[in-house]
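The structure displayed is predicted, hence computed values, not measured ones. Naming: A, B, ... by sequence-line order, numbering from 1 per chain.
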Number of protein chains: 2
Amino acid sequence: MDGSGEKKTIKRRPAERVLQRDPERTRAAILEAATKEFAENGMGGARVDAIAERAGTNKRMLYHYFGDKEQLYLHVLEEAYVGIRTAERELHIGDRSPEEGIAELALFTWRYFLKHPEFLSLLGTENLHRARWLRQSVRLKELHSHLIIELTQVLDRGRASGVFIETADPLNVYLTIASLGYFYISNQYTLSTIFGRDLADTANLDAWERHIVHVTLSSIKA
Amino acid sequence: MDGSGEKKTIKRRPAERVLQRDPERTRAAILEAATKEFAENGMGGARVDAIAERAGTNKRMLYHYFGDKEQLYLHVLEEAYVGIRTAERELHIGDRSPEEGIAELALFTWRYFLKHPEFLSLLGTENLHRARWLRQSVRLKELHSHLIIELTQVLDRGRASGVFIETADPLNVYLTIASLGYFYISNQYTLSTIFGRDLADTANLDAWERHIVHVTLSSIKA
DNA sequence: CCGGCCGGTAACTAAACGGTTACTTGATGA
DNA sequence: TCATCAAGTAACCGTTTAGTTACCGGCCGG
């Protein structure tokens, strides 16, 4: 064996940058960086190298903590859902009058979407792939039932006191609120371009916020 | 030069498959294949080889007719917009009563979205990239004004005859209709997964169609 | 006080990618 | 009838990509 029992040797220099040696922090940094990268470029456009660089680490760690690109993406998606559903729980929409409760949920949803456009991007990417990864998730089966249960109670109370129509349906109400927020924010770039009006302008955002509450309530009021 | 003036030579065999030699047809086939590929995989996920194969041709023709991947994508996007706006023009929503006109526009938009999910996908991809390519389009500046003009007239008539509220705004009305259709269809996969209900089921689709008309009209009725 | 383990780095690889080159074939009009 | 050119094919190329391997070093339990 031509004079060498050694395997290929790679030259090493001592690490110059400060070593972190903090697994929790590294993991969190990767997750945050991945959220941004996947939200900006989608599953197909996201680059593993870019995630590692954004997180201030390297690919080896990413594969160490999350397995591969697809599992990392699923983690990001799950974390995003946990984020909104957790914040939603703290609303307690049943504490006020039914009408105020619905208005509160609409305002919360709109403002959350506005503050977390990366969540909307991730939903868009996941739907492009027909929920291929979300359907594999085991963490998310029980997460969303709380919202529907609480919304059902609010609508029941509203119907009983005669302020809401009989046909008011919890899923329909939530989908209405989410539709009006999601479309406006996620499609703002093409809409602003084709209609020649900047939808991200503060005055327009405020007007749409009021519009969402108005549309939602007027569709269920007796 | 070691015994050869020739450049690298490639072996050729006679073409076995039927030659089309039909530029129009080839161009159209590439455009259709590209629409599917971009809609299914987004800009980042779409593969040039896959488009060529789907079109029954090869990459050389694709680059010959469309320049590069980005220009092909822009052509696909422009064609998609031309498609919906052209169909929309033939509605003539001003021909009936204002209320029927709005209902007609809502029904048309919903059914068009339902029939052309690839259009919704393309919008999603384009917005992910903040309308990067659409903003470069020179064909699409005048395309959308007709819709707003006709909608303005219908709302004016409705206001004048007292059936619509004074604050009814044409862009808001269109965005409401589009929101409710877009979100339901484009996000059907994640929504069906998390809420455990198949939104693509015919009964649910019919119910949502009625819901869109109801929500749109109830939000502007006097 | 030291050996192994875990957190960490960077160079490497095979495959896939967008885009190009070299060449062939059929139609057409001078 | 043949020169010319557009239509078409497939091999090729340089780069990028997801994923791996080889190696380093601080720290903690025995």
Sorted by number, residues from residues 59-70 of chain B placing a heavy atom under 4.0 Å from DNA chain D are Arg60(B), Met61(B), His64(B), Tyr65(B)

The ring pair (Phe, Tyr, Trp, His ring centres under 6.0 Å) partners of His214(A) (sequence neighbours excluded) come to none

Check this one for me: any side-chain N or O of Thr57(B) less than 4.0 Å away from OP1 or OP2 of dG8(D)? no

Ring pair (Phe, Tyr, Trp, His ring centres under 6.0 Å) filter on Tyr189(B), not counting sequence neighbours, yields none

Side chains of residues 103-110 of chain B: which donor-acceptor pairs under 3.5 Å do they make with residues two or more places apart or in other chains?
from	atom 1	to	atom 2	distance (Å)
Thr109(B)	OG1	Leu105(B)	O	2.8
Trp110(B)	NE1	Glu209(B)	OE1	3.3

Taken to the nearest whole Å, CZ/Arg27(A) to P/dG8(C) is 13 Å

What residues 42-51 of chain A contributes to the DNA chain D interface at heavy-atom separation below 4.0 Å is Ala46(A), Arg47(A), Val48(A), Asp49(A)

Between CG of Asn58(B) and P of dG19(C) the distance, given in whole Å, is 15 Å

Taking C-beta and beyond as the side chain, do Thr193(A) and Leu140(B) meet within less than 4.5 Å on heavy atoms?
no

Sequence neighbours excluded, the answer for ring pair (Phe, Tyr, Trp, His ring centres under 6.0 Å) partners of Tyr63(B) is none

Glu53(B) atom CD is separated from dC17(C) atom P, nearest whole Å, by 12 Å

Separation of dG18(C) atom C1' from Phe38(B) atom CZ, nearest Å, is 11 Å

Sequence neighbours excluded, the answer for ring pair (Phe, Tyr, Trp, His ring centres under 6.0 Å) partners of Tyr182(B) is Phe183(A)

Residues 42-59 of chain B vs salt bridge (charged side-chain N to carboxylate O under 4.0 Å, His left out), sequence neighbours excluded, gives Glu37(B)-Arg54(B), Glu40(B)-Arg54(B), Asp49(B)-Lys59(B)

Salt bridge (charged side-chain N to carboxylate O under 4.0 Å, His left out) pairs touching residues 75-85 of chain B, sequence neighbours excluded, are Glu78(B)-Arg139(B), Glu79(B)-Arg139(B), Arg85(B)-Glu88(B)

